[in-house]
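Please read the structure below before turning to the comments.
So you know, we letter chains A, B, ... as the sequences are listed, proteins then strands, and number each from 1.
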Number of protein chains: 2
Amino acid sequence: MKYCSNCGSPVRSLIPPGDTLPRYVCDACTTIHYQNPKIVVGCIPEWEGKILMCRRAIEPRHGLWTLPAGFLENHETTLEGAVRETLEEAHARVEISMLYALYNVPHINQVYLLFRGQLLDLNFKPGAESLEVQLFDERQIPWEKLAFRTVRETLKVYFSDRRSGSFSFHIGDISPPQSSNKPSNELAQATRLSERI
Amino acid sequence: MKYCSNCGSPVRSLIPPGDTLPRYVCDACTTIHYQNPKIVVGCIPEWEGKILMCRRAIEPRHGLWTLPAGFLENHETTLEGAVRETLEEAHARVEISMLYALYNVPHINQVYLLFRGQLLDLNFKPGAESLEVQLFDERQIPWEKLAFRTVRETLKVYFSDRRSGSFSFHIGDISPPQSSNKPSNELAQATRLSERI
């Protein structure tokens, strides 16, 4: 941020009186511009033991597989956002059954909220941001071609829960990739605070 | 938003190509400025059947009672944010035990995440944003002097869960206050999507 979105004057970064963190502050109009994490809402669309995934047609991670998910918009609920993203990315209609996972991704200022949803029909097809959409059972999941660590972690606990016969809410943190010569998809080191917090 | 925070030129609101919603767009530097909901993180601090509440020293709702809560900051996890807010507002140290409730408040673009936390000691005192902090048992809760409907809803399900002997995660929506002659604290009409979604 370089300029005040309220008056167009240059801003500077300082800790306002009574605050503890630096903010962008406008000397001209005194506006304090707070910057906060964004929410990513998504869905695990289910159909007869399989789940629907999307191959990304956009950057980042063009060509890799993901669950339908995207930024929550103003004026919508998290559940509405998950349903909308599933419709936009996979033209798939779902009925949400539960909030399944929350992942903190603090190094990129994101919080993921992933819901389980039952597909209402099989009339799915790629949306504008997807190259293809496909149902996968556990053995077919393209583990080496997943777009995001949040998706990897979600699928790991999902299939683990399915094998145990009981789905419970999961919460965890995704830490930044560490510098390493390993391929980045080997760096999926989410620290689960608690399996059932 | 009136000016581009990147280059200081005036912005205008339009639906960018490929998008579905109006955004503030800068013609000069082509930046699209997305605006998204904020996360409020908070805590129900527990001690021997009582919970710790704060009486607000700031607007909005100066003088009314709330749970320690505030906006999630960049670079922190939701759990870290809840612990920080509890420390800032009540000088209280807690150990988080579970994510207890998520409330969508779409008309003000907020998502509340409220955790249960065990107080580690009784050395609490008002923080800069609190007039007083106090432990309450259920019969003492100042129901007529609560600051926010999210707090009211959280406390309602919390004490209901306690009576039933089982705490489970809750998710719900808080709808905008309706025009009415009733006092605003009579308008706590959260629609719970599901008691256990």
Separation between OG1 of A:T77 and CG of B:D173, rounded to the nearest 0.5 Å: 5.0 Å
B:N36 side chain to A:E73 backbone, donor-acceptor under 3.5 Å: no
Contact leader toward chain B among A:L113, A:I39, A:V105, where contacts are heavy-atom pairs under 4.5 Å: A:I39
Residue part contacting chain B, namely of A:T20, when any heavy atom lies under 4.5 Å: side chain
Side chain to side chain contact (heavy atoms under 4.5 Å, CB included) between A:N74 and B:Y34, worked out: CA-CA 10 Å; A:N74 278 349; B:Y34 297 93; over 6 Å; no
Atom group of A:E88 that falls short of 4.5 Å from chain B, counting heavy atoms: side chain
Winner by heavy-atom pair count (cut-off under 4.5 Å) against chain B, out of A:K38, A:M1, A:R116: A:K38
Segment of A:L102 engaging chain B (4.5 angstrom heavy-atom cut-off): side chain
Interface residue of largest heavy-atom contact number with chain A, from B:S5, B:G18, B:S9, B:G8, under 4.5 Å: B:S5
Region of A:Q35 that comes under 4.5 Å of a non-hydrogen atom in chain B: both
Pair A:Y3 + B:Y3: ring centers closer than 6.0 Å: no
A:L72 CG to B:N104 CG distance, which is reported to the nearest 0.5 Å: 7.5 Å
Joint cluster assignment, B:F167 & B:L114, ILVMFWY side-chain distance < 4.5 Å: yes
Same cluster (ILVMFWY, side-chain, under 4.5 Å), B:F115 and B:W47: yes
B:R162 atom CZ, neighbour heavy-atom count above 12 within 6.0 Å: yes
Under 4.5 Å from a heavy atom of chain B, the part of A:R84 involved: neither
Connected via hydrophobic side-chain network under 4.5 Å: B:W143 and B:I51: yes
Cluster overlap B:I58 with B:L67, hydrophobic side-chain contacts below 4.5 Å: no
Proximity breakdown for B:I108 and chain A, heavy-atom pairs closer than 4.5 Å: neither
In one Ile/Leu/Val/Met/Phe/Trp/Tyr side-chain cluster, 4.5 Å: B:M98, B:L120: no
Sub-4.5 Å side-chain heavy-atom contact between B:T78 and A:V111: yes
Exceeds 12 heavy-atom contacts within 6.0 angstrom, atom CD of B:E95: no
